[in-house]
Structure formats: structure tokens, C-alpha cells
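In what follows, a single structure is set out as C-alpha cells and then discussed.
The structure presented is a predicted model; accordingly, all values stated were derived computationally and were not measured. For reference, positions follow the sequence shown, starting with 1. Whatever order the structure lists ligands and atoms in, that order sets their numbers, starting from 1.
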Amino acid sequence: MNLTYIEHIGIAVSDLEKAIAFYEQTFGLKCYKIEEVKDQKVRTAFFKIDKTKIELLEPTDPEGPVGKFIEKRGEGIHHIAFAVDNLEEQLSVAEDKGIPLIDKIPRKGAEGMKIAFLHPKSTFGVLTELCEPDSDAQTT
Ligand code: CMX
């Protein structure tokens, strides 16, 4: 597979505003965007460290993926996202290697990205996202 860099690390939090304040006041990072991703049932906040982002994820519904994660495992690292150059092609490489895909077809994520998840049971318990900027999407 052809991973180019760590695009972001997703961290599940119960209270987005409280977590943003911590990242700004303690780590001196600046939250540059808050975005709700309705179909993922999350509100997200982004920080940048060099090329890599930290994505804080607050559930908007306890039955969504992040709501269930916090209920079962508490706050913490939820996923790692690797940038790839051709997401569709990399998904078919992953599938050929026998990795169960959560998304066989890329979907829209935050930050104008096309995203797809690999199942954590096949990646040593780490939910893994592959992503690529969506040339059709508008970024702000
Ligand atoms: N990391 C590692 N393991 C995880 C996990 C995560 N983030 N989320 C769930 N699991 C584990 C659970 O602990 C559970 O393990 P056990 O069977 O050992 O108890 C197992 O996966 C099943 O968990 P579940 O709560 O029953 O949840 P589901 O099977 O319904 O869904 C998953 C799990 C990973 C398929 C689902 O969360 C998913 O589709 N995730 C991808 C989408 C997503 O996470 N979106 C939010 C972020 C979006 C964004 O960045 O914009």
C-alpha cells in the first residue's frame, strides 16, 4: 500500500469545548475549525501540528460510532488516518490483502476529504482511516 503521511489522529472527547480549551491553553495550539459531520454523528474540532492534524470528536448521538466508543471504552484515541494518493485504488489493494473494509466506497469526511475506514479487528485494534483530499469538495 502507498501511505504518504499521517493526515490526522482522531480523539474521542465527551465535551468538545472543554477539550478545545485544553488544547489551546495547555498545548498552545489553535483550533482553526469546528465542523459537524452529520452522517457520522459527530462534531469535530481541528488543530494542526506541521502537516498532521488533531481531530477532536464529540458525539452528537450516543448511538453513533463515537458515542458507542466512549460508552464502551471512555475518552481516548479513536482512530488514525493515513493520507493516500488514490483512495479507490488503495482500498482495492487493502481488500486484495484480505483486510475487511468498513467502507468499500469512499464517503465524505470532514475537511473536504474522501475517507474510508478499515475494520479495527484487522488492524491490531486500531481503527484506521485512509483519506484523500476530495477534488470536488470545497475546503474553507
Ligand atoms: N477503535 C478500536 N476498536 C473499536 C473502535 C475504535 N474506534 N470502535 C469500536 N471498536 C471495537 C469495540 O470496542 C468492539 O470491540 P469488542 O467486540 O472487542 O467489544 C467492536 O469494535 C465492535 O464495537 P461496537 O461498539 O459494537 O460497534 P460497531 O461494531 O457497531 O462499530 C465500527 C464499530 C469500528 C465498525 C464503527 O465504529 C465504524 O464504522 N467506525 C467508522 C466510522 C467512524 O468511526 N466515524 C467517526 C469519525 C468520523 C470522522 O473522522 O469524521
**Message:** Heavy atoms only, cut-off 4.0 Å: how does I102 contact ligand 1, side chain, backbone, both, or neither?
**Reply:** side chain
**Message:** I'd like to know if K121 contacts ligand 1, where contact means a heavy-atom distance under 4.0 Å to any ligand atom.
**Reply:** yes
**Message:** Quick check on G109 - does any of its heavy atoms sit under 4.0 Å from an atom of ligand 1?
**Reply:** no
**Fill in**
Heavy-atom proximity to atom 10 (N) of ligand 1 ranks first, among K108, R73, R43, K68, for R73
**Prompt:** Of the choices H78, H79, K41, which has the non-hydrogen atom that lies closest to atom 44 (O) of ligand 1?
**Reply:** H78
Indicate whether [atom] is within a distance of less than 4.0 angstrom of some protein heavy atom.
{"atom": "atom 26 (O) of ligand 1", "result": "yes"}
{"atom": "atom 34 (C) of ligand 1", "result": "yes"}
{"atom": "atom 39 (O) of ligand 1", "result": "yes"}

So which heavy atom in the protein is nearest [atom], and how far is it from that ligand atom?
{"atom": "atom 42 (C) of ligand 1", "result": "Q40 OE1, 3.3 Å"}
{"atom": "atom 23 (O) of ligand 1", "result": "K72 NZ, 3.7 Å"}
{"atom": "atom 2 (C) of ligand 1", "result": "G125 O, 3.1 Å"}
{"atom": "atom 37 (O) of ligand 1", "result": "P65 CB, 3.4 Å"}

**Request:** Could you list which atoms of ligand 1 come closer than 4.0 Å to a heavy atom of E55?
**Result:** 49 (C), 50 (O), 51 (O)
**Complete:** A student checking ligand 1 against F69 at a 4.0 Å heavy-atom cut-off should list atoms 1 (N), 5 (C), 6 (C), 7 (N), 8 (N)
**L57 CG to E75 CD distance, which is reported to the nearest 0.5 Å** = 11.5 Å
Of the non-hydrogen atoms in [X] and [Y], which two are nearest, and what is the gap between them?
{"X": "L29", "Y": "K48", "answer": "CD2-O, 4.1 Å"}
{"X": "P106", "Y": "K114", "answer": "CB-CB, 4.2 Å"}
{"X": "F69", "Y": "G76", "answer": "CE2-O, 4.1 Å"}
{"X": "L118", "Y": "L91", "answer": "CD2-CD2, 4.4 Å"}

**Request:** Using atom types as modelled and distance alone, determine if a side-chain donor or acceptor of S122 lies under 3.5 Å from a backbone N or O of I99.
**Result:** no
**Request:** Return yes if some donor-acceptor pair links the side-chain N/O of E24 with the main-chain N/O of C31 below 3.5 Å, else return no.
**Result:** yes
**Message:** For a 4.5 angstrom cut-off between non-hydrogen side-chain atoms, does F117 reach T128?
**Reply:** no
**Message:** Per the salt bridge (charged side-chain N to carboxylate O under 4.0 Å, His left out) rule, what does the pair list look like for residues 52-71, sequence neighbours excluded?
**Reply:** E7-K53, R43-E58, K53-E111
